Amino acid sequence: MNILDRIIIDKKREVVLKKSIIPVSQLEASVFFGKQTISLSQNLRNSNTGIIAEHKRRSPSKSIINQNFTVEEVVKGYESAGACGISVLTDGKYFGGSLDDLLLARASVNIPLLRKEFIVDEYQILEAKAHGADLILLIAAVLTREEIKSLSEFAKGLGLEVLLEVHNIEELEKSIMPTLDMIGVNNRNLKTFEVSLDFSKELASKIPNDFVKVSESGISSIEAINELKPYGYKGFLIGENFMKTDDAGKAATEFISQL
């Protein structure tokens, strides 16, 4: 069993437990349910840099990245750096995140927020909306075509955008549907954790132009982004590269100004 399989087993159990104590009606009573969401896809289309900066304390491949910042410090730093949007990890066991992180991020900034999570149930999409997210991530590797369809339709019904993450041509082909806004290619193989920009390059021409193309993981240099732009990528998700420094906002500011 690989790490992804383990995460999904834990996640399904987590959702069952949460559903047993927090009813949907409580999530729907959140002040964010009536809030207009901010479009990341639009921001990326209009940007020359396309940076989606990530708040991530740790990961299964890197253990602790950085636990020394407050969420507010990181996201305000990202916003003032000129990021198009912010990705907030909300998984606790493997990434050290929480829904509180999303809530604090929402209280701190006015740019699009992605709930970065292993979504397996509509309940998690309600949680995302209730905690101030503007978009959700769906991971093709762990969902069937029917699940991608029903979850993306549910998200769109709540006014949320959908970023679908793929890693190979099979995942891409099973996933293409009109209820997606952005398609992200993960340069990290989630089963082996090896990283290569070739994944983004190989899949670029197969992604229809109706979707904003995003490249995720393993992007640590200006050169990498300049290498990917000719392939039609408009968004670049960067986490570790900023979080591993002493000042994530400053690192993002320097990176974006160089771009």
Side-chain angles (χ1 to χ4, degrees), residues 40-41 43-62 64-69 71 73-91 95-97 101-102 105 109 111-117 133-135 137 139 163-167 182-190 193-201 203-204 212-259:
L40 177 63
S41 62
N43 278 9
L44 293 176
R45 279 199 175 98
N46 299 335
S47 170
N48 305 321
T49 52
I51 300 302
I52 306 162
E54 189 157 80
H55 180 272
K56 175 161 79 170
R57 292 186 184 85
R58 56 186 168 88
S59 74
S61 61
K62 280 276 159 66
I64 290 174
I65 299 164
N66 202 324
Q67 313 249 38
N68 301 326
F69 300 133
V71 174
E73 285 166 341
V74 174
V75 298
K76 281 188 167 165
Y78 285 161
E79 183 177 45
S80 64
C84 288
I86 297 172
S87 164
V88 181
L89 258 305
T90 61
D91 172 78
F95 291 88
D101 290 345
L102 185 57
V109 298
I111 56 175
L113 294 180
L114 163 69
R115 179 182 188 189
K116 183 90 173 278
E117 181 57 271
D134 298 290
L135 66 152
L137 176 75
I139 302 173
L163 167 62
L164 179 97
E165 177 181 298
V166 300
H167 183 66
M182 293 153 277
I183 293 182
V185 179
N186 192 342
N187 299 307
R188 175 177 284 117
N189 182 327
L190 288 175
F193 280 94
E194 110 194 75
V195 175
S196 166
L197 293 184
D198 291 343
F199 293 119
S200 282
K201 293 176 185 175
L203 288 180
V212 176
K213 297 177 193 178
V214 177
S215 186
E216 309 169 24
S217 295
I219 299 168
S220 56
S221 66
I222 304 290
E223 294 75 51
I225 289 177
N226 289 334
E227 219 178 294
L228 290 169
K229 278 188 171 175
Y231 289 86
Y233 285 94
K234 294 290 290 174
F236 306 92
L237 193 138
I238 302 179
E240 229 157 274
N241 206 43
F242 301 147
M243 288 296 292
K244 68 184 182 190
T245 65
D246 292 332
D247 186 335
K250 183 163 169 263
T253 302
E254 286 166 6
F255 192 91
I256 291 169
S257 65
Q258 279 175 36
L259 267 178

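Index from 1, following the sequence. Keep in mind that this is a model prediction, so the values were computed, not measured. Values below: every heavy atom of this structure, side chains too, minus hydrogens, waters and symmetry copies.
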Can you tell me how far apart CD (Glu254) and OG1 (Thr245) are? Round to the nearest 0.5 Å. 8.5 Å

Between Asp91 and Glu117 the two heavy atoms that sit nearest each other are N-OE2, 3.5 Å

CG-CD1 distance between Asn43 and Ile52, expressed to the nearest 0.5 angstrom: 10.0 Å

Can you tell if the side chain of Ser200 reaches within under 4.5 Å of the side chain of Tyr231, non-hydrogen atoms only? no

Check whether Lys56 reaches the backbone of Leu89 with its side chain - one donor and one acceptor, N or O, closer than 3.5 Å. no

For Ala133 and Leu102 the tightest heavy-atom approach is CB-CD2, 4.0 Å

Heavy-atom distance under 4.5 Å between the side chains of Val212 and Leu163, does that happen here? no

Going by heavy atoms in the side chains, are Leu228 and Lys201 under 4.5 Å from each other? yes

When rounded to the nearest 0.5 Å, the distance separating OG1 of Thr49 from NZ of Lys234 is 9.0 Å

Evaluate the side chain to side chain contact (heavy atoms under 4.5 Å, CB included) criterion for residues Ile219 and Leu197: first the C-alpha distance (whole Å), next the side-chain angles of each, then the deciding distance (0.1 Å), finally the verdict. CA-CA 8 Å; Ile219 299 168; Leu197 293 184; 4.3 Å; yes

Can Ser217 and Asn186 be said to form a side-chain hydrogen bond (donor to acceptor under 3.5 Å, both in side chains), step by step? CA-CA 6 Å; Ser217 295; Asn186 192 342; 2.9 Å; yes

Show the numbers, then the answer: is there a side chain to side chain contact (heavy atoms under 4.5 Å, CB included) between Phe69 and His55? CA-CA 10 Å; Phe69 300 133; His55 180 272; 5.6 Å; no

Does atom CG (Asp198) have a neighbourhood of more than 12 heavy atoms from anything else shown, all under 6.0 Å? yes

How long is the span from the CG atom in Leu259 to the CZ atom in Phe236, to the nearest 0.5 Å? 8.0 Å

For a 4.5 angstrom cut-off between non-hydrogen side-chain atoms, does Ile225 reach Ile238? yes

Do the ring planes of Phe255 and Phe242 sit parallel (below 30°), tilted (30 to 60°) or perpendicular (above 60°)? perpendicular

Donor-acceptor under 3.5 Å (Asp134 side chain, Leu113 main chain): yes

Asp247 and Thr253, any side-chain heavy atoms less than 4.5 Å apart: no

Can you check whether Leu237 reaches Glu54 side chain to side chain, under 4.5 Å on heavy atoms? yes

If you take all heavy atoms of Cys84 and Leu44, which pair is closest and at what distance? CB-CD2, 3.7 Å

Exercise: identify the closest heavy-atom pair between Gly249 and Ala81: O-CB, 3.9 Å

Quick check against the 3.5 Å criterion: does Arg57 have a side-chain atom that pairs as donor or acceptor with the backbone of Gly96? yes

One should read off an interatomic distance between Met243 CE and Ser59 OG, to the nearest 0.5 angstrom, of 11.0 Å

Looking only at heavy atoms, which two atoms of Ala224 and Ser221 are closest? And how far apart? N-OG, 3.1 Å

At their closest point, which heavy atom of Lys116 faces which heavy atom of Ser87, and how far apart are they? CB-OG, 3.4 Å

Going by atom types alone, do Ser220 and Asn241 pair a side-chain donor with an acceptor below 3.5 Å? no

Nearest 0.5 Å please: distance from the CG atom of Leu164 over to the CD1 atom of Ile183. 6.0 Å

Any side-chain heavy atom of Val166 sitting closer than 4.5 Å to one from Val185? yes

